[in-house]
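As C-alpha cells, the structure follows; a few thoughts come after it.
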Amino acid sequence: MHTIIETIKSIAFEIDQAIKTEDLGYSNSENSSGEDQLKLDVQSDLIIEKAFASVAVVKNLVSEEKEGVLELHAEGKYTICYDPLDGSSLVDVNLSVGSIFGIYEGVLKAQNLVASAYVVYGPRVELVIAQKSQKPMLYRVLNNAFKQIAEITMEKKGKLNAPGGTQQHWEKHHKILIDDLFAQGYRLRYSGGMVPDLHQIMLKGGGLFSYPGTSDKPEGKLRQLFEVIPFAFIYEQAGGEAIDDKGIRLMELVPKHPHDTSPCFFGSVYEIDVMKKAYGIEA
Ligand code: F6P
C-alpha cells in the first residue's frame with residue numbers, strides 16, 4: 001500500500017503540472033459514459049496508467065476514461081479504480097478539479113475497498129487518504145513535497161448544502177429536503193466538481209452533498225467504483241455517513257458494470273437523518 005500511496009503523490013504532481021501548462025481543448029473521442037473527452041482527461045489517464053505500470057502489487061486498472069479492465073500485473077493484489085480528472089470541464093473556467101482513486105482487493109464491490117484517496121487541484125494541491133480503521137489524513141503540498149497536515153473528523157451537524165442535478169428533474173420529496181435545509185439556515189456551496197465540493201463539506205465540519213436519482217437519470221450521475229464508493233469510505237472514516245436513496249450504505253454497493261452509477265447522499269449524521277425523513281426512510 002505504501003508504494004501505491006507514494007505513486008499517487010507523484011501522479012498528483014504530474015497532473016497538476018499538466019493542468020497548469022497543457023492545451024485545454026477537446027480530444028476526438030468520448031469516454032464510456034458518452035462524454036466528450038478533453039485532451040487533459042486523456043493525458044491524466046495516461047499519466048496514471050504509466051505510473052502504476054511499474055507497481056507490481058497493482059493487478060488491474062479500471063478508469064473512468066476507459067471501457068474495460070486493463071490488466072497490469074497478473075500476480076498483483078489490488079485493482080485501482082480511478083477518475084483521472086473529475087470535473088475536468090471546470091479547468092476551462094479555472095475552478096478546482098480532482099483525481100479520485102479506489103483501491104480494491106478481490107471482486108469489485110464496496111466491501112472489498114481497502115483504501116481510497118483523492119487529490120484536489122486548486123490554489124493549492126491537497127491529498128486525502130483513508131485506510132481501514134484510520135481517520136482520513138489530509139496532506140498539502142508545501143515546498144514541492146506532500147506534508148501531513150491533520151486527521152479529518154466531521155462534526156455531527158454542519159452548515160453547507162451542495163445539491164447536485166438539475167432541479168427541473170428532481171422528485172418532489174428531494175426538493176422538500178433541499179428547501180428544508182435552506183430554511184434551517186444552510187448555505188449553498190456547489191461548484192459542479194464533486195472533489196472540491198465534498199472536500200469543502202468535510203473540512204468545514206459537515207453538511208450535505210446530494211446527487212439524487214432524477215426523472216432524466218433515475219440512477220443518478222456519479223459512478224460507483226471511481227466516485228461514489230471511494231468518497232463513501234472517506235466520509236464514513238471521518239465520522240460522516242453515505243447512503244443511497246433507499247437508505248442503504250453506499251459501502252454495500254455491488255456494481256454490475258464498471259461504469260454503473262448510483263444516487264448518493266454524503267453528509268454528517270444530522271443531515272443524513274433529515275434526508276431519511278424527507279425520503280420516508282425508517283431510522
Ligand atoms: O462526474 C462529473 C461531475 O462533474 C462531478 O464532479 C460533479 O459533482 C457532477 O458531475 C456535477 O453534475 P451536475 O452539473 O449535473 O450537478
Side-chain angles (χ1 to χ4, degrees), residues 15 19 24 26-27 30-38 40-42 44-45 48 62-67 81-102 116-122 126 128 160-171 174-175 177-178 181-182 188-203 207-232 234-235 240 242-245 250 253 255 257-267 271 275:
I15 295 183
I19 293 170
L24 297 183
Y26 281 98
S27 67
E30 285 184 347
N31 66 16
S32 31
S33 308
E35 295 160 349
D36 288 329
Q37 283 177 311
L38 292 168
L40 261 182
D41 289 320
V42 178
S44 304
D45 189 36
I48 294 174
V62 181
S63 166
E64 201 250 349
E65 301 299 334
K66 290 187 179 68
E67 183 56 47
C81 298
Y82 62 96
D83 186 345
L85 201 58
D86 188 76
S88 54
S89 62
L90 297 174
V91 174
D92 232 6
V93 289
N94 213 9
L95 286 176
S96 299
V97 291
S99 303
I100 313 168
F101 303 86
S116 64
Y118 67 85
V119 182
V120 192
Y121 310 99
E126 295 191 332
V128 171
L160 307 180
N161 189 11
T166 313
Q167 288 202 33
Q168 188 189 11
H169 301 300
W170 285 353
E171 302 279 356
H174 187 71
K175 179 154 173 50
L177 162 68
I178 299 303
L181 289 174
F182 285 132
L188 174 66
R189 291 289 184 273
Y190 193 77
S191 73
M194 178 186 196
V195 177
D197 287 340
L198 279 164
H199 187 61
Q200 177 169 206
I201 287 176
M202 209 166 54
L203 292 193
L208 183 73
F209 175 99
S210 49
Y211 207 109
T214 51
S215 55
D216 60 334
K217 290 181 185 145
E219 292 310 313
K221 175 183 184 189
L222 302 179
R223 280 147 286 218
Q224 298 181 19
L225 284 174
F226 341 98
E227 297 179 312
V228 173
I229 297 169
F231 266 110
I234 292 173
Y235 261 59
I243 60 172
D244 71 4
D245 54 355
L250 297 168
L253 283 172
H257 183 274
H259 293 269
D260 279 354
T261 60
S262 171
C264 51
F265 300 81
F266 301 87
E271 293 82 22
M275 175 269 167

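All ligand and atom numbering here is 1-based and tracks the order in the structure.
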Numbering as shown, the atoms of ligand 1 that approach [X] to under 4.0 Å (heavy-atom distance):
X      : value
Asp86  : 1 (O), 2 (C), 5 (C), 6 (O)
Lys221 : 3 (C), 9 (C), 10 (O), 11 (C), 12 (O), 13 (P), 15 (O)
Gly193 : 6 (O)

Other residues, nucleotides, ligands: >12 heavy atoms within 6.0 Å of Asp216 CG: yes

Heavy-atom distance under 4.5 Å between the side chains of [X] and [Y], does that happen here?
X      : Y      : value
Leu40  : Val91  : yes
Tyr211 : Met194 : no
Glu126 : Leu203 : yes
Phe226 : His259 : yes

Would the Tyr118 and Phe101 ring centres measure less than 6.0 Å apart? no

Judging by distance only, is a nitrogen or oxygen of [X] under 3.5 angstrom from one on ligand 1?
X      : result
Gly164 : no
Gly192 : yes
Phe209 : no

Any idea which part of Leu222 is under 4.0 Å from ligand 1, heavy-atom wise: side chain, backbone, both or neither? side chain

